[in-house]
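Here the structure is laid out as structure tokens; the discussion comes afterwards.
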Amino acid sequence: MRGEGTKKLMPHTMSRMGDVLAGFHAAWGFESDSVVIRYERGIRTPKLFQALGERRVPLEAIEGVTLTPGRRGTVVLRAELRPGADPLMEAAAGQLKESSDPYRLVLPAERETLAEYYADELRALLTESGPAERHLVAPPETPLQFKAYDGKAGFDGTAVSFRWFWTGASSAKWKAGDQRFPVGELSGVEWRSPEVFEGHLRLLRRDDGAPLAQADQDPAAVVFGLGYGPVHESLPFAAAVLAAVRTSAPVPAISAAGRRDPADIAERIRHLGELHQAGLVTDEEFSSKKAELLSEL
């Protein structure tokens with residue numbers, strides 16, 4: 001990495017740069033068309049950074065760069081992304097703590113001059129602003145999974161699955177059974193940080209005008225709690241689902257030519273029977289739900 005005196009020697013272009021600006025917990029690599037952010041895996045590095053590992057941010061995704069004083073003898077270089085450019089930040093919806101912002105690079109105050117140089121170089125190349133029409137930063141890779149308070153959430157890139165825990169899940173969720181949602185049936189996600197009251201991940205379905213139930217009663221949601229659904233697991237999960245939803249086509253309605261998978265129906269009936277035997281579902285509810293499932297074959 002070049003020293004402070006390099007500022008006068010560097011050309012005012014990033015096309016010849018392969019420079020790396022290292023700060024606390026991360027390093028920014030400057031390329032001709034993007035900034036590559038590599039996060040450390042140290043014990044003091046925020047877990048979200050460790051989960052992300054590396055992010056390539058195209059210059060067209062950035063609309064501004066700031067350099068401000070930080071705490072305890074530091075300065076903070078920050079890339080301001082265009083709204084909608086990054087599925088992670090879109091899913092976070094402003095709920096991340098400052099220390100977990102993946103676009104903040106904290107450096108010692110004595111390196112302010114060098115940071116200022118890179119900020120100026122970067123600003124000179126930015127040409128886009130305003131909302132992005134599509135995601136420009138790649139989402140976290142699938143498959144992904146995490147444990148919520150009331151169930152286990154999984155995403156394989158094409159569908160989200162919720163499998164309920166005997167301890168934690170409400171009777172409404174037990175009666176509905178384990179869930180599977182193809183991304184084509186979804187319109188978005190709602191992530192509420194586990195670090196605030198009533199944290200949860202809810203899947204928003206297309207053409208569903210019904211009022212949203214409380215997350216603990218909604219089979220399309222999992223709820224967080226102390227130690228469950230941590231930010232570094234649930235937020236990348238939400239971002240990956242959101243990115244898949246944005247690029248998917250709606251799933252057509254089930255017809256005679258496109259019934260649900262019989263194996264899936266059989267599994268749900270088996271699960272329903274277990275609930276019935278455990279006394280969590282009445283005889284009437286069991287018969288009604290079983291008939292409803294059989295009608296989908």
Using residues 136-151 as the side-chain source, report each donor-acceptor pair under 3.5 Å to any protein atom, sequence neighbours left out, with the distance given to one decimal.
residue : atom : partner : partner atom : Å
D150    : OD1  : V223    : N            : 3.2
D150    : OD2  : K173    : NZ           : 2.5

Taking [Y]'s backbone N and O only, do any of them form a donor-acceptor pair with [X]'s side chain (distance below 3.5 Å, no angle check)?
X	Y	result
Q50	G42	yes
W164	G177	yes
S34	E31	no
H200	E198	yes
S100	L96	no
E233	Y228	no
R206	L186	yes

Under 4.5 Å between side-chain heavy atoms, hopping through other hydrophobics if needed: is there a path connecting [X] to [Y]?
X	Y	result
F237	F181	yes
W28	L125	yes
L126	Y118	yes
L67	F30	yes

Can you find a pair of side-chain heavy atoms, one from [X] and one from [Y], that are under 4.5 Å apart?
X	Y	result
H135	L242	yes
P102	L88	yes
F155	V183	yes
L107	L77	yes
P182	T158	no
F24	P108	yes
R41	F49	no
V36	E54	yes

Return the [atom1] to [atom2] distance between [X] and [Y], rounded to the nearest 0.5 Å.
X	Y	atom1	atom2	result
M89	L235	CE	CG	8.5 Å
L59	S32	CG	OG	8.0 Å
E80	I62	CD	CD1	10.5 Å
E112	T68	CD	OG1	9.5 Å
L201	F162	CG	CZ	5.0 Å
K47	T45	NZ	OG1	12.0 Å

List the atom of [X], the atom of [Y], and the distance in Å for their closest heavy-atom pair.
X	Y	result
S99	P46	O-CG, 3.6 Å
P236	L48	CG-CD1, 4.0 Å
G229	S234	O-OG, 2.9 Å
L105	A26	CD1-O, 3.4 Å
A176	P219	CB-CG, 3.7 Å
A221	A215	CB-O, 3.8 Å

Report task. Using the salt bridge (charged side-chain N to carboxylate O under 4.0 Å, His left out) rule, take E90 and R246 through it: C-alpha gap first, then chi angles, then the decisive distance, then the call. Result -> CA-CA 12 Å; E90 184 178 354; R246 291 283 188 270; 2.6 Å; yes
Report task. Could you tell me whether E63 and R82 have a side-chain N and a carboxylate O separated by less than 4.0 Å? Result -> no
Query - Residue pair F224, W191: steps toward the side chain to side chain contact (heavy atoms under 4.5 Å, CB included) verdict - result: CA-CA 10 Å; F224 305 147; W191 182 78; 3.8 Å; yes
Query - side-chain hydrogen bond (donor to acceptor under 3.5 Å, both in side chains) assessment of S161 paired with R180 - result: CA-CA 4 Å; S161 62; R180 184 178 185 277; over 6 Å; no
Requested in this report: Verify salt bridge (charged side-chain N to carboxylate O under 4.0 Å, His left out) between R192 and E190, making sure each step is shown before the conclusion.
Outcome: CA-CA 7 Å; R192 293 291 177 266; E190 177 184 81; 3.7 Å; yes
Query - Test salt bridge (charged side-chain N to carboxylate O under 4.0 Å, His left out) applied to R104 and E98, step by step - result: CA-CA 8 Å; R104 294 175 76 253; E98 188 177 76; 3.7 Å; yes
Query raised in the report: Between T127 and E60, is a side chain to side chain contact (heavy atoms under 4.5 Å, CB included) present by the stated rule, with each step listed?
Result: CA-CA 7 Å; T127 60; E60 63 177 322; over 6 Å; no
Query - side-chain hydrogen bond (donor to acceptor under 3.5 Å, both in side chains) between Y103 and R55, intermediate numbers included - result: CA-CA 10 Å; Y103 294 107; R55 310 208 87 199; 3.1 Å; yes
